[in-house]
*Asks:* 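Sending over a structure as structure tokens; questions will come in a sec.
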Amino acid sequence: MGSAIWFRRDLRVSDNKAVLRALQCGEKPFCVFVVDPKVLSASSSAIRTSYLKAALEELNEELDDNLTLMFGDSAVQLARFVTENGISDLYCSRDVTPLSRLIESQVAEMLRSMGVRVHFVDTPYLVDFDKVLKEDGSPFRVFTPYFKTWIKSALAVEVVRLPRRYEFQSAKLAERRNWGPLDKVVSYSGQFATSSAEIIARLDHFADEILPNYSELRNFPSIDGTSRLSVALKFGRIHPRTIFKRVVDFDPGLRFTSELCWRDFFGSVLYRNPDSPKVALDAKYDAMRWDTGPIAKSRLQAWKSGQTGYPLVDAGMRELLETGYMHNRVRMVVGSFLVKDLHLDWRLGARHFMSHLLDGDVASNIGSWQWIAGCGSDSAPFFRIFNPTLQLQKFDPEGDYLRRFIPELGHLDKKAWASFIRADSAQQDRRLYPRQIVDHNRERREALLRLSELSTIGFVN
DNA sequence: TACCCTTTTCA
DNA sequence: GAAAAGGGT
């Protein structure tokens with residue numbers, strides 16, 4: 001009886017535990033990916049769908065053209081697949097979102113009832129999301145103690161070594177490649193690599209050239225100073241193990257390594273709190289007075305389209321729309337602006353990010369939004385409110401990032417530029433660039449006021 | 001009083 | 001994270 005690999009968010013061959021375990025069965029494994037309409041409608045976006053298609057094409061090449069694509073309900077399609085190919089053992093990795101977990105339980109139930117062994121052998125995380133626990137077995141709620149425990153496990157992790165030679169086999173199915181709605185999608189061809197060779201080349205470049213100055217450079221959005229591996233991680237084109245092993249010895253202070261840990265931390269937070277995409281982890285935020293109504297609606301629209309009059313916010317939001325990406329420093333600034341300056345519900349921001357980010361990942365996205373809103377696990381303290389003008393002066397002093405995404409500022413000479421980035425709304429040239437839709441200092445005080453109301457309510461109750 | 005640097009404080 | 005306050009020239 002044969003074995004099969006069910007590919008999920010692990011669209012690669014190297015450092016893939018499911019691939020290794022299936023190969024160890026002896027027979028050549030079958031390979032399958034299910035395009036599940038439930039997943040597409042719940043969490044996809046046009047740009048991610050196009051990357052997914054390219055990633056599947058790359059994966060198929062890595063599998064020597066042996067990947068089967070099925071379209072439909074995961075459990076139903078996999079049941080068909082194992083029956084038609086005589087499969088006794090299915091290998092796959094687990095995922096952490098509520099929908100993924102539901103699908104896993106449906107697949108496991110269906111296949112086990114058919115006598116097929118289903119092996120969940122890995123996760124998309126460096127340390128599995130259910131493995132980092134306090135001494136008493138309870139989960140961490142604060143990052144630093146999580147990190148101290150996590151790093152011990154992380155250092156013990158080994159990259160998966162595949163046998164020197166291995167082969168896969170093609171399924172016996174009438175239709176071996178049903179792309180479903182992906183058929184009409186154009187494969188991604190943008191700045192983020194889809195091929196393994198390019199992704200590994202990027203990792204090498206990052207480790208050799210960027211990592212030595214990572215602590216300083218990572219904050220400047222005009223500089224190529226971060227790993228830019230989030231997209232490959234999102235689709236499992238690379239596993240965080242591969243990254244960790246390549247960088248950890250060259251990362252004094254573990255500044256970058258701790259970013260990998262934040263990814264794991266937010267994974268485990270979602271695992272423990274499956275309703276956190278909808279509900280603030282800090283329950284008293286249920287009482288937050290978010291702005292609603294027509295003015296709130298138009299402010300949300302201005303934020304989404306990069307027309308707030310705060311150039312760093314606008315450059316970030318336009319980068320997102322144009323490229324499907326945003327530098328992390330700028331993500332914090334625009335997130336703080338939505339929640340603290342516009343008093344709009346963090347869930348609106350999370351939804352917009354998910355519909356445009358190429359690296360849009362439920363756990364990281366929700367964890368980060370709850371962090372910036374101040375309502376999550378170990379999130380930013382209530383008083384941490386970013387000043388978008390000061391952030392611009394600190395992190396894009398020459399305006400190199402701004403000019404890339406706000407072309408209407410291109411005409412400013414150096415002197416006009418210097419006064420522009422310090423300017424308040426009264427001094428801005430409104431003909432070319434929108435005036436500031438709110439006054440930061442005023443809204444900062446308003447945010448602190450509303451936050452203080454929450455703690456009063458919390459105290460009374 | 002302008003300015004700079006450091007520390008404190010923020011429900 | 002940054003405004004405000006403190007401490008100095």
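Values below: every heavy atom of this structure, side chains too, minus hydrogens, waters and symmetry copies. Quick caveat: nothing in here was measured; it's all calculated off a predicted structure. Here is the naming used below: chain letters follow the sequence lines, and residue numbers restart at 1 for every chain.
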*Asks:* Under 4.0 Å, counting only non-hydrogen atoms across every strand here, what does A/Arg329 touch: a base, just sugar-phosphate, or nothing?
*Replies:*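 The answer is sugar-phosphate, as A/Arg329 gets under 4.0 Å only of primed atoms, P, OP1 or OP2.
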*Asks:* Could you check A/Trp369 against A/Phe353 for ring pair (Phe, Tyr, Trp, His ring centres under 6.0 Å), going step by step and ending with a plain yes or no?
*Replies:* CA-CA 10 Å; A/Trp369 273 99; A/Phe353 269 32; 5.0 Å; yes
*Asks:* Find the distance A/Asn441:CG to B/dC10:C1' and express it as a whole number of Å.
*Replies:*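 Taking atom C1' of B/dC10 as the reference, CG of A/Asn441 is at 15 Å.
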*Asks:* Can you check the distance between B/dA11 and C/dG6, where both ends of the measurement are the P atom (answer in whole Å)?
*Replies:*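 Their P atoms lie roughly 16 Å apart.
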*Asks:* Going by the rule side chain to side chain contact (heavy atoms under 4.5 Å, CB included), which residues pair with A/Ser153 if we only count those two or more places apart in sequence or in a different chain?
*Replies:*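 Expected list: A/Val127.
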*Asks:* Extract all donor-acceptor atom pairs below 3.5 Å that involve side chains of residues 315-330 of chain A and protein atoms in other chains or at least two apart in sequence.
*Replies:*
residue, atom, partner, partner atom, Å
A/Arg318, NE, A/Gly306, O, 2.9
A/Arg318, NH1, A/Glu408, OE1, 3.1
A/Arg318, NH1, A/Glu408, OE2, 3.3
A/Arg318, NH2, A/Gly306, O, 2.9
A/Arg318, NH2, A/Glu408, OE2, 3.1
A/Glu319, OE1, A/His327, N, 3.3
A/Glu319, OE1, A/Tyr401, OH, 2.6
A/Thr323, OG1, A/Glu319, O, 2.7
A/Thr323, OG1, A/Tyr325, N, 3.1
A/Thr323, OG1, A/Tyr325, O, 3.3
A/His327, ND1, A/Arg329, N, 3.0
A/His327, NE2, A/Arg218, O, 3.1
A/Arg329, NE, A/Asn219, OD1, 3.2
A/Arg329, NH1, A/Gln391, OE1, 2.9
A/Arg329, NH2, A/Asn219, OD1, 2.8

*Asks:* Between B/dT8 atom P and A/Phe383 atom CZ, what is the distance in whole Å?
*Replies:*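 Rounded to the whole Å, the gap is 14 Å.
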*Asks:* Give me the first and last nucleotide of DNA chain C, going 5' to 3', that has any atom under 4.0 Å from a heavy atom of chain A.
*Replies:*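 The contacted stretch runs from C/dG1 to C/dA3.
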*Asks:* Planes under 30° and centres closer than 5.5 Å, is that true for A/Phe382 with the base of B/dA11?
*Replies:*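 Yes, A/Phe382 stacks on the base of B/dA11, since the ring centres sit under 5.5 Å apart and the planes are within 30°.
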*Asks:* Report, one line per pair, each donor and acceptor closer than 3.5 Å where one atom sits in a side chain of residues 267-283 of chain A; sequence neighbours left out.
*Replies:*
residue, atom, partner, partner atom, Å
A/Ser268, OG, A/Phe265, O, 2.9
A/Asn273, ND2, A/Val269, O, 2.8
A/Ser276, OG, A/Asn273, O, 2.8
A/Asp282, OD1, A/Lys284, N, 3.3
A/Asp282, OD2, A/Lys284, NZ, 3.2

*Asks:* Give every donor-acceptor pair under 3.5 Å between a side-chain atom in residues 291-301 of chain A and any protein atom, sequence neighbours left out.
*Replies:*
residue, atom, partner, partner atom, Å
A/Asp291, OD1, A/Arg450, NH1, 2.9
A/Asp291, OD1, A/Arg450, NH2, 2.9
A/Ser298, OG, A/Ile295, O, 3.1

*Asks:* Give A/Leu390 one of three labels, base, sugar-phosphate or nothing, depending on what nucleic acid heavy atoms sit under 4.0 Å from its own.
*Replies:*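 Contact class for A/Leu390: sugar-phosphate only.
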*Asks:* The criterion is side chain to side chain contact (heavy atoms under 4.5 Å, CB included); which residues satisfy it with A/Asp251, sequence neighbours excluded?
*Replies:*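 For A/Asp251 the side chain to side chain contact (heavy atoms under 4.5 Å, CB included) partners, ignoring immediate neighbours, are A/Leu211, A/Leu254, A/Arg255, A/Phe256, A/Thr257.
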